[in-house]
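Take a look at the structure below.
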Amino acid sequence: MGFPRFERPKGLDGESSPNLYVANCGPAVGLSFDTIASVFSTFGEVNGVYAADESGTRVIVSYIEESSAQTALKALNRRPCPDLGGRFLHIQYSIMQLPKQVNTNDSIPVSLVASELNIPGLHLWHDFVTATEEEELLAAVDDRPWKSLAKRRVQHYGYEFLYETRNINTRESMGELPSFISPILERISLISNLDNAANIVLDQVTVNEYPSGVGLSPHIDTHSAFEGLIFSLSLAGPCIMEFRRYSEGVSLPKPDSITDNQVENPNSSSNFIRRAIYLPPRSMLLLSGEARYAWLHYIPHHKIDLVKDSAIRRGSRRVSFTFRKVRTGPCKCEFPQHCDSQS
Ligand SMILES: O=C(O)CCC(=O)C(=O)O
Ligand SMILES: [Fe+2]
């Protein structure tokens, strides 16, 4: 599919260009790019025909000469075109769009391993589950009802996570975790180099399904809601996760006041430090200690992540399983400035 280098002019009606944005026309309605090129070339030399977006029903016809585009627009706009299956075309001038930069100016190097990030308590295990287990886990959640949020879908097990309070209600258990999760809990309990992984009984799971390009706002999981180990299993598609630690004395932005493509000052190193890690499908991330209590984590809203000089496209979806233990008393962590139990 063609790379969308052009866009429909916004509020620029009448601004002429050698490129036409043609709606109701394209491979999804049985018209190949070659057929479209041959019909439009009766008005002048065509440089190329490209997909305008992923719909398959909108194309860009790019002429060498602006005058050819003008003639074609006059001849074909808003009327049935016999050579294009009698379709009623909607044509506008289109303007060239600069290729979107993969490496946005707020990007930072993305590590493949947790040790490079220098965040105490952060761990990542690649291939924590097999491809078959991944398929089974996805099939299990796809068989159960999803709850739609604004941009993603979620499921909760054990206890419901309440987004309004960013907490859970300990009096409202949803019952035991379902059996399809048991092999993962078992494997977590076998992680040997963690002091208390074997003893901790994880009792809450949130499944998040992110469509391509959708991320998650910066946040610290509420201290009073969950204990100190937070595991997150990535399935289906890759993404990067970023972390921020604010300097002492700097008040944290409210989780909902930031969207990830609207970071207040991305390079404001006087306010915070940032790190990024690549999360491939089937990997398990652990936030513990400082990583869990003092660093904000978030997923930038990118369709493509730049990882070690490779542009990695997010899959059509990423599904994560976050495993936590609900806290029943106040949090007594060593990071009171981030702790809702201690402030
Ligand atoms: O999708 C993820 O890996 C992280 C989810 C998360 O941070 C959360 O549910 O609090
Ligand atoms: Fe989180």
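Every heavy atom of this structure was used, including side-chain atoms; hydrogens, water molecules and symmetry mates were not. For ligands, and for the atoms within them, numbers begin at 1 and follow the listed sequence. We count residues from 1, following the sequence as given.
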**Request:** Kindly give the heavy-atom pair with the smallest separation between F335 and A294, and that separation in Å.
**Result:** CD2-CB, 3.6 Å
**Fill in**
At a 4.0 angstrom heavy-atom cut-off, ligand 1 is contacted by N208, Y210, L216, H219, D221, S232, M241, H297, I299, R318, S320, T322, R324
**Request:** Decide, yes or no, whether a salt bridge links E227 with K325 under the criterion of side-chain N to carboxylate O below 4.0 Å.
**Result:** no
**Residues R292 and D221 bridged, charged N to O under 4.0 Å** = no
**Fill in**
Closest non-hydrogen atoms of V39 and T42, given as atom of the first, atom of the second and distance, are O-OG1, 2.6 Å
**Item:** CZ on F226 to CZ on R166, rounded to 0.5 Å
**Value:** 9.5 Å
**Asked** Quick one: does NZ or CZ of R324 land under 6.0 Å from the six-membered ring centre of F161, within 45 degrees of the ring axis?
**Response** yes
**Item:** Flag if over 12 foreign heavy atoms under 6.0 Å of CD, Q337
**Value:** yes
**Request:** Measure across C25 and V59 and return the closest heavy-atom pair with its distance rounded to 0.1 Å.
**Result:** O-CG1, 3.6 Å
**Fill in**
Atoms of type N, O or S from protein under 2.8 Å of the Fe ion (ligand 2), total 3
**Request:** Look at atom CD of E176 and say whether more than 12 heavy atoms of other residues, nucleotides or ligands are closer to it than 6.0 Å.
**Result:** no
